[in-house]
Amino acid sequence: MRFYMTTPIFYVNGDPHIGHAYTAIAADVLARFKRLDGYDVHFLSGTDEHGQKVEKAARDAGMAPQDFCDAISAKFRDMEVRLDVSTDDFIRTTEPRHVHGVQALWRRLRERDQIYLGHYEGWYAVRDEDFYSADDVTLLADGSRVAPTGAPVEWVREPNFLFRLSRWQDALLQHYEENPDFVGPPAKRNEMLSFIRGGLTDLSVSRTSFKWGIPVPDEPGHVIYVWVDALANYITALGYPDLCSSLWPRWPADLHLVGKDILRFHAVYWPAFLMAAGLPVPKRIFGHGWWTVEGEKMSKSVGNVIDPLSLVDRFGVDAVRFFLFREVPFGNDGDYSERALISRMNTELANDLGNLCQRSVSLIARNCAGVLPDRGPLTQDDEEMLGLADGLIGSLRERMDRQALHEALEEVWKAIRAANAYIDRQAPWALKKTDRARMAAVLRVLADVIRSVATMLSPFMPQSMARMLDQVGVPHGLRSIAGLQTPLPEGTLLPAPQGVFPRFVEEAA
RNA sequence: GGCGGCGUAGCUCAGCGGUAGAGCAGGGGAAUCAUAAUCCCUUGGUCGGUGGUUCAAAUCCGCCCGCCGCUACCA
């Protein structure tokens with residue numbers, strides 16, 4: 001069972017912010033879940049380093065483009081490392097393997113008459129690296145013109161190679177029809193469909209106005225348009241055009257995870273490029289939402305851009321990872337606020353989960369000499385509690401396959417709340433005076449439930465859940481979904497209880 | 001302008017034809033194993049408005065209002 005999934009490659013015109021962290025962590029949670037479930041996962045991330053904006057940013061920074069890219073790309077890689085994002089490969093579009101692959105893809109498209117030489121003129125925004133129709137351009141009072149995105153535009157006329165996107169309209173519609181899960185969430189799929197139905201025009205795929213890009217083969221002066229370059233990373237990282245490479249059998253990708261702003265490129269242009277090249281298209285593309293900060297749109301000018309690393313320094317990596325998917329339905333936009341984050345940490349991590357583990361493990365330490373008790377005869381209450389924990393496996397699989405990360409967490413939390421109710425009902429602290437055998441049996445049920453919960457949560461919070469699994473004595477070889485079928489060894493000596501999620505107390509100002 | 005989504009308890013949302021639900025917040029109680037954590041009970045909504053279909057409508061249909069997304073055009 002193979003699973004190939006990707007993050008977008010991040011554009012290196014600025015430092016990483018919480019939006020990048022969100023995509024990367026979401027992809028990581030999904031990748032880790034698939035690994036936990038026994039899949040042979042290949043998880044790709046990377047940086048997108050070409051284009052006029054980068055060329056300009058480098059010039060502004062007084063650096064050579066490549067040096068500039070090296071510096072920013074390193075920041076993205078560092079961010080992923082610090083966020084425990086477990087990529088298997090990190091591709092940069094300035095790497096020879098990518099440049100070579102993109103040129104091969106270009107040649108193939110030309111050979112198949114999918115690209116032709118024409119010319120393009122129109123309002124061009126350097127910042128967006130995109131052309132806009134005259135209708136979309138607004139004339140400002142000072143005589144300058146801007147795109148709907150607010151980016152300044154200039155009139156540009158240049159010879160261009162065009163991709164015959166218009167030819168692929170019907171094939172795309174058919175593909176959407178035959179693959180209802182091709183794009184998620186469903187609302188976004190509808191938007192993509194209506195965009196395609198609205199008619200596709202050929203797409204400009206080269207530029208002559210700047211140099212920082214992959215040269216069009218045999219056409220001096222032309223550089224390959226950013227999206228052909230960028231999207232191709234998903235196959236060049238697998239060795240394209242070498243279809244005998246060891247990684248190539250992983251194509252097509254099982255999942256491209258992207259932000260909603262670049263969904264169209266992935267859900268329309270990319271499949272069209274692939275079809276035109278005679279290659280299979282990805283199985284699924286999911287577009288997630290955006291974060292606002294304390295109710296406001298994040299922007300450099302407002303100065304409210306959240307640096308994920310400072311968040312991690314303050315709250316810890318797992319609390320941040322948890323918050324991002326617990327707070328907001330994945331696919332919707334969300335709002336970050338410090339209060340909400342602290343509230344989730346204290347209410348759900350410390351009180352509900354951390355305290356459940358702590359109270360259970362402490363009772364075992366004190367009353368069972370720190371040895372994991374054996375199962376006793378199961379009462380109906382025990383059966384129901386254990387059944388709820390076991391049911392997590394199927395229910396999370398289904399939800400993770402829909403990228404419903406928030407629903408997955410809610411399912412786990414139902415089990416955690418049920419476990420807190422169970423321990424109160426059974427009151428092992430009272431049983432210790434009346435029926436020590438029953439007390440031990442109850443504590444074993446709790447340990448098993450905590451084991452299930454911690455296992456299922458480990459893709460979300462790898463470090464904390466590893467510590468929690470230590471607390472209930474789960475051997476490393478059993479830390480997987482398959483491993484849950486094997487009972488914990490009898491007589492396991494548990495380590496001294498140690499809190500996993502301390503309450504977060506704000507420092508006095 | 002077209003297509004689509006949303007509007008349900010103070011907050012975030014689930015329900016999508018059969019007498020209004022969850023979490024958080026608020027109130028009361030229990031317990032004291034535990035990170036003053038937990039558990040139980042509870043206050044609270046004319047389900048945006050309005051017509052209609054139906055024995056029965058948050059739930060289906062029409063219209064209106066308000067947000068939002070995608071897209072187009074006039075100019």
Side-chain angles (χ1 to χ4, degrees), chain A residues 132-139 148 183 185-201 259-265 267-268 287-290 292 295 297 323 325-337 339-368 381 385 399 404 406-407 409-434 436 439-440 442-443 446-447 450 464 467-468 471 497-505:
Chain A
Y132 290 92
S133 72
D135 305 322
D136 291 331
V137 170
T138 310
L139 182 62
V183 175
K188 297 288 175 204
R189 172 192 137 93
N190 290 339
E191 289 181 5
M192 293 302 111
L193 260 174
S194 73
F195 175 77
I196 298 168
R197 288 205 185 100
L200 300 176
T201 54
K260 64 179 183 181
D261 54 320
I262 54 173
L263 185 60
R264 189 210 291 174
F265 300 103
V268 180
H288 69 244
W290 285 74
T292 52
K297 197 174 171 187
F323 172 79
F325 306 106
R326 178 62 172 156
E327 183 71 4
V328 169
F330 193 58
N332 292 10
D333 288 349
D335 182 55
Y336 165 82
S337 79
R339 199 169 64 90
L341 172 51
I342 292 171
S343 165
R344 292 283 180 190
M345 283 180 77
N346 285 341
T347 309
E348 299 189 327
L349 293 182
N351 296 355
D352 290 347
L353 176 55
N355 185 49
L356 170 69
C357 181
Q358 181 71 5
R359 64 200 302 211
S360 304
V361 159
S362 298
L363 285 163
I364 294 172
R366 188 152 337 108
N367 302 306
C368 307
D381 203 16
M385 184 67 250
R399 285 167 172 78
H406 60 296
E407 287 185 29
L409 286 173
E410 176 57 22
E411 290 302 303
V412 178
W413 248 259
K414 279 182 191 161
I416 292 169
R417 285 187 215 108
N420 272 318
Y422 171 85
I423 194 174
D424 272 36
R425 241 183 351 258
Q426 296 297 330
W429 48 90
L431 287 169
K432 94 177 160 190
K433 295 167 202 150
T434 58
R436 290 193 73 88
M439 173 202 73
V442 166
L443 293 177
L446 284 162
I450 291 165
S464 312
R467 271 184 280 133
M468 192 165 282
Q471 292 277 288
Q498 200 170 24
V500 174
F501 293 113
R503 277 183 78 77
F504 182 85
V505 182

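Just so we're on the same page: letters track the sequence lines, and every chain starts at 1.
OP1 and OP2 of B:U38 both lie 4.0 Å or more from every side-chain N or O belonging to A:Arg359. Put simply, A:Arg366 has a side-chain N or O that comes within less than 4.0 Å of OP1 or OP2 on B:A34.
Summary of the strand contacts: A:Leu353 and A:Ile416 both lie near RNA chain B, and taking for each the nucleotide with the nearest heavy atom, the more 5' one is attributed to A:Leu353. Across the interface with RNA chain B, nearest-nucleotide mapping of A:Asn351 and A:Trp429 shows A:Trp429 to be the residue nearer the 5′ end.
Computed from coordinates, the A:Lys260 NZ to B:C68 P distance equals 12 Å when rounded to whole Å. Here the P atom of nucleotide B:C70 and the CZ atom of A:Phe195 are 12 Å apart, to the nearest Å. Regarding A:Gln498, its CD atom lies at a distance of 13 Å from the C1' atom of B:U35, rounded to whole Å. B:C24 atom C1' lies 15 Å from atom CG of A:Leu349, rounded to whole Å. One atom, CG of A:Asn346, and another, C1' of B:A36, lie 12 Å apart when rounded to the nearest Å. Look at CD1 on A:Ile364: it is 14 Å from P on B:A34, rounded to the nearest Å. To the nearest angstrom, C1' of B:A31 lies 14 Å from NZ of A:Lys432. Straight-line distance from the CD1 atom of A:Ile196 to the C1' atom of B:C70: 12 Å, rounded to whole Å.
B:C70 and B:U35 are spaced 48 Å apart, taking the C1' atom of each and rounding to whole Å. Distance noted for atom C1' between B:A30 and B:A36: 16 Å (whole Å). The C1' atoms of B:U43 and B:G10 are separated by 12 Å, rounded to the nearest whole Å.
For A:Phe330 and A:His288, the gap between ring centers is short of 6.0 Å.
Under the 3.5 Å distance criterion, the side-chain polar atoms of A:Thr292 are left unmatched by any main-chain donor or acceptor of A:Tyr336. Put simply, the side chain of A:Thr347 never gets that close to the backbone of A:Arg344: no donor and acceptor are under 3.5 Å apart. Side-chain N or O atoms of A:Ser343 include none that pairs as donor or acceptor with a backbone N or O of A:Arg339 at under 3.5 Å. Side-chain atoms of A:Arg436 come within 3.5 Å of backbone N or O of A:Asn367 as a donor-acceptor pair.
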Spell out protein contact along nucleotides 2-11 of chain B as letters: B when the base is contacted, S when just the sugar-phosphate is, - when no protein heavy atom is under 4.0 Å; keep the 5' to 3' order.
-> ----------
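Taking CZ from A:Arg425 and CD1 from A:Ile423, the interatomic distance works out to 11.0 Å, rounded to the nearest 0.5 Å.
Looking at A:Glu407, A:Glu411, A:Glu348 one by one, the single match for salt bridge (Lys or Arg N to Asp or Glu O under 4.0 Å) with A:Arg326 turns out to be A:Glu348.
Annotation: side chain of A:Asp261 is in contact with side chain of A:Trp290 (closest heavy-atom distance under 4.5 Å).
Across all their heavy atoms, A:Leu349 and A:Trp413 have their closest contact at CD2-CH2, 4.1 Å.
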A correct dot-bracket answer for RNA chain B, with pairs being Watson-Crick or G-U at under 3.5 Å, [ ] for crossing pairs and | for inter-strand pairs, is ((((((((.[[[[.)..(..]]]].(((((.......))))).....[[[[[..)....]]]]])))))))....
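In this structure, the nucleotide among B:U35, B:C24, B:G69 sitting nearest to the side chain of A:Phe501 is B:U35. Side chain of A:Gln358, nearest nucleotide from B:U38, B:C70, B:U35: B:U35. Residue A:Arg264 has its side chain nearest to B:C70 when only B:C70, B:U38, B:U35 are considered.
Note on A:Val361: nothing from the nucleic acid sits closer than 4.0 angstrom, heavy atoms only. Nucleic acid contact for A:Arg417: sugar-phosphate only, since backbone atoms but no base atoms lie under 4.0 Å from a heavy atom of the residue. Using a 4.0 Å heavy-atom cutoff across all strands shown, A:Gly198 reaches no nucleic acid atom at all.
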Pairs under 3.5 Å (N/O, protein and nucleotides 12-15 of chain B):
none

